[in-house]
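A short worksheet on the structure shown next.
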Amino acid sequence: MTEFLIYLITIAGIWGILSLSLNFQYGLTGLLNLGHVGFFMLGAYTSTILVVLAGLPIIVGMVAAVAAAALLGMLMALPTANLQQDYWAISTLAAAEIIRIIFLNTPLGGPYVGEAFGVSGIPRPLRELFTSEGYNLFYMWLVLTCLVLCYLLVVWLSHMPFGRTLKAIREGDDIPLALGKRVSSFRIRAMMVGGALGGFAGALFAHYNAYIAPEYFLPLETFIVWAMVILGGAGNFLGSLVGTFIIQAIYNSTRFLAGWVDIEASVLGPLRMIFISVLIIAVIIYMPKGLLPERRRRYDHRPTAKR
Amino acid sequence: MTTDLLLSVKGVHKHFGGLKALDGVSLEVSAGSIYGLIGPNGSGKTTLFNVITGFIARDLGEIVFQGQSLKGLSPDRIARLGLCRTFQANICPGRMTVMENMLLAPQRQLGESILNTLRRFRQVRRQEKENLQRARYLLELVKLGDKADSYAAHLSGGQKKLLSLGQALMVEPRLILLDEPVAGVNPKLIEEILEVIRRLRAEGQNFLIVEHNMRVIREVCDLVSVLDAGQVIAQGPAVETLKRDDVLRAYLAPRGGVSEEARAAT
Ligand SMILES: Nc1ncnc2c1ncn2[C@@H]1O[C@H](COP(=O)(O)OP(=O)(O)O)[C@@H](O)[C@H]1O
Ligand SMILES: [Mg+2]
């Protein structure tokens with residue numbers, strides 16, 4: 001049980017970073033990014049390739065993962081200047097799939113490495129300092145620390161003039177343009193920040209799971225992250241974390257349910273996706289702002305007495 | 001005279017398919033005055049604003065602001081040159097509060113750079129404080145002092161117009177283009193807003209105002225251009241120009257009679 005909880009918290013922590021970063025792009029900036037898993041995948045593969053195949057230190061791999069994903073964010077943002085929002089959304093979906101198909105068809109080094117086989121034996125940071133149970137606990141705390149730092153970063157940026165302009169762009173370009181804002185530069189930077197965090201989550205995942213393969217990065221993953229953001233509340237970063245935990249708990253509950261209810265595991269798998277889908281539909285209908293709606297930024301702290 | 005010429009529009013054409021929305025419009029706005037632009041619905045006033053501020057490309061013609069041609073410049077670039085416009089439609093971000101809308105407007109905000117928010121945080125915070133003070137002052141001026149923390153979406157139509165005016169003032173531009181600034185504002189408030197505009201003029205703020213309400217134009221504008229079907233049909237000092245027969249006819253003919261407003265205007 002504790003073992004499962006440690007696993008759940010670790011996984012929810014990694015996905016929490018993903019949903020924070022999608023919330024930054026969608027909740028704050030209004031960017032309909034349907035290719036978020038692309039950042040996660042690129043981060044995971046970048047760090048893996050540099051550490052496993054090039055023999056570089058893990059920390060270098062992680063930093064490169066963040067940089068590569070930020071660069072991808074920049075590339076993905078470029079067409080926003082020319083495409084309408086819905087067409088751009090499709091382009092992001094395509095971008096993530098293109099990256100996956102490239103990894104699916106690229107051999108990496110030796111036989112049975114890369115392509116559909118993926119890469120195994122990815123080293124885990126500081127593994128030699130712990131027993132195997134101790135290590136899982138250590139990694140959980142590592143992930144939680146990273147999650148808190150990412151949370152502080154996005155909250156910080158959203159409270160700065162930078163985030164305020166993103167919030168304005170969410171409702172259309174005309175007002176920000178008329179006020180002299182370089183709208184496309186803001187959108188590019190929002191995609192870069194979100195992308196960088198997504199890539200970071202990918203690297204954390206690769207070095208936790210010790211194995212990655214293209215099948216981990218199907219478009220479905222993007223929609224699970226969307227479910228987390230919508231359930232928690234778009235524009236509320238704490239909401240993202242709550243949404244992530246709930247969705248991950250449902251997603252991983254099959255291990256338990258298999259022992260409790262008399263349904264075959266092969267049925268339970270799809271069943272949990274149906275359950276998540278129904279939950280999201282219900283949230284959209286009955287709580288469109290999510291569990292934790294976006295908070296109002298207050299400036300007027302004057303007491304109720306007359307001005 | 002030429003030294004304080006702010007904005008010069010020469011022979012501007014804009015066609016939408018077969019429709020000549022602007023058919024050779026010229027006008028000159030000088031510093032120290034309030035310039036009015038009137039004309040019946042669909043005469044091309046908003047289109048002229050869109051063309052001047054780079055939101056739509058013109059077909060022909062020249063637009064020069066403070067000696068610089070605006071040809072091919074993007075709207076944000078033009079705004080940064082000190083030419084700020086408001087919109088006829090109420091499109092201020094509704095999911096932001098009134099105060100957030102105001103704080104959006106100031107130029108050269110250090111905190112718009114990610115690096116600065118981390119490295120030069122104290123300067124960012126100081127700038128934010130100054131902007132907040134100015135925003136409070138301007139919100140009082142446009143009669144929205146008690147609305148700072150309301151969502152812009154919850155304001156009335158008239159209040160949204162006032163918020164746009166406040167936002168434009170936060171930009172501190174050389175010239176403000178107002179597109180129907182008091183449409184939907186209640187008459188008592190209009191009086192107060194005109195007072196504000198006159199006061200700002202006295203402080204050196206320049207305006208180019210599109211307005212439907214003839215009384216407003218007569219009371220605050222020094223010079224006017226009258227637009228009809230994309231052409232300037234009259235130009236000159238506000239009070240005299242608005243008395244001219246051809247102007248009144250152009251303005252009123254589509255409605256086929258002389259309304260209350262016209263009687264009041266004459
Ligand atoms: N983007 C556009 N596409 C096509 N026609 C337009 C467009 N914008 C304005 N028009 C047309 O141009 C004419 C002038 O419109 P507008 O400038 O909005 O008038 P005004 O502001 O004086 O009421 C109208 O006939 C209008 O329908
Ligand atoms: Mg108009």
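Basis for what follows: all heavy atoms, side chains included, without hydrogens, waters or symmetry-related copies. Below, chain A is the first sequence line, B the second, and so on; all start at residue 1.
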Ignoring hydrogens and angles, tell me if any N or O in the side chain of [X] forms a donor-acceptor pair with the backbone of [Y] under 3.5 Å.
X      : Y      : result
B:E100 : A:R296 : no
A:K167 : B:P93  : no
B:E112 : A:T165 : no

Under 3.5 Å, side-chain donor or acceptor atoms of residues 59-76 of chain A against the rest of the protein: list the pairs with distances, not counting sequence neighbours.
none

Residues in residues 163-174 of chain B near chain A [non-hydrogen atoms, under 4.5 Å]:
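Residues in range: B:Q167, B:V171.
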Interface residues of residues 70-78 of chain B facing chain A - non-hydrogen atoms under 4.5 Å apart:
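Contacts with chain A: B:P75, B:D76.
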For each of B:G94, B:C84, B:A135, tally heavy-atom pairs with chain A at distances under 4.5 Å, and name the one with the top tally.
B:G94
Residue selection (most heavy-atom pairs with chain A, distance under 4.5 Å) from B:R95, B:Q107, B:R125
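Top option by heavy-atom pairs under 4.5 Å: B:R95.
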Drop me the distance from B:I114's CD1 to A:M160's CE, to the nearest 0.5 angstrom.
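Atom-to-atom, B:I114:CD1 and A:M160:CE are 12.0 Å apart.
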B:F87 side, atom CZ; A:D174 side, atom CG - distance, nearest 0.5 Å:
4.5 Å
Please indicate whether [X] has more than 12 foreign heavy atoms, meaning atoms of other residues, nucleotides or ligands, lying under 6.0 Å from its [atom1].
X     : atom1 : answer
A:Y26 : OH    : no
B:F16 : CZ    : yes
A:Q84 : CD    : no

With side chains defined as the heavy atoms from C-beta onward, is the minimum distance between A:P161 and B:V124 less than 4.5 Å?
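They are in contact (side-chain heavy atoms under 4.5 Å apart), so the answer is yes.
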Side-chain touch B:N116/A:F162, heavy atoms, less than 4.5 angstrom:
no
Need one label for [X]: side chain, backbone, both or neither, based on atoms under 4.5 Å from any heavy atom in chain A.
X      : value
B:Q109 : side chain
B:T97  : side chain
B:F121 : side chain

Could you go through the side-chain contact (heavy atoms from CB on, under 4.5 Å) check for A:R182 and B:R80 one step at a time?
CA-CA 10 Å; A:R182 294 180 176 87; B:R80 290 196 296 277; 3.4 Å; yes
Nearest heavy-atom pair of [X] and [Y]: which atoms, and what distance?
X      : Y      : value
B:I91  : A:I175 : O-CG1, 3.4 Å
B:A79  : A:L179 : CB-C, 4.2 Å
A:Y299 : B:L132 : CD2-CD1, 3.5 Å

Of all of A:R170, A:R189, A:E294, A:R297, which one pairs up most often with chain B through heavy atoms under 4.5 Å apart?
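Result: the option with the highest number of such pairs is A:R170.
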Looking at A:S185, A:G235, A:G172, A:A178, which one has more heavy-atom pairs under 4.5 Å with chain B than the rest?
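If we count pairs closer than 4.5 Å to chain B, A:A178 comes out on top.
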Mind checking what makes salt bridge (charged side-chain N to carboxylate O under 4.0 Å, His left out) contact with B:E128, not counting sequence neighbours?
A:R164
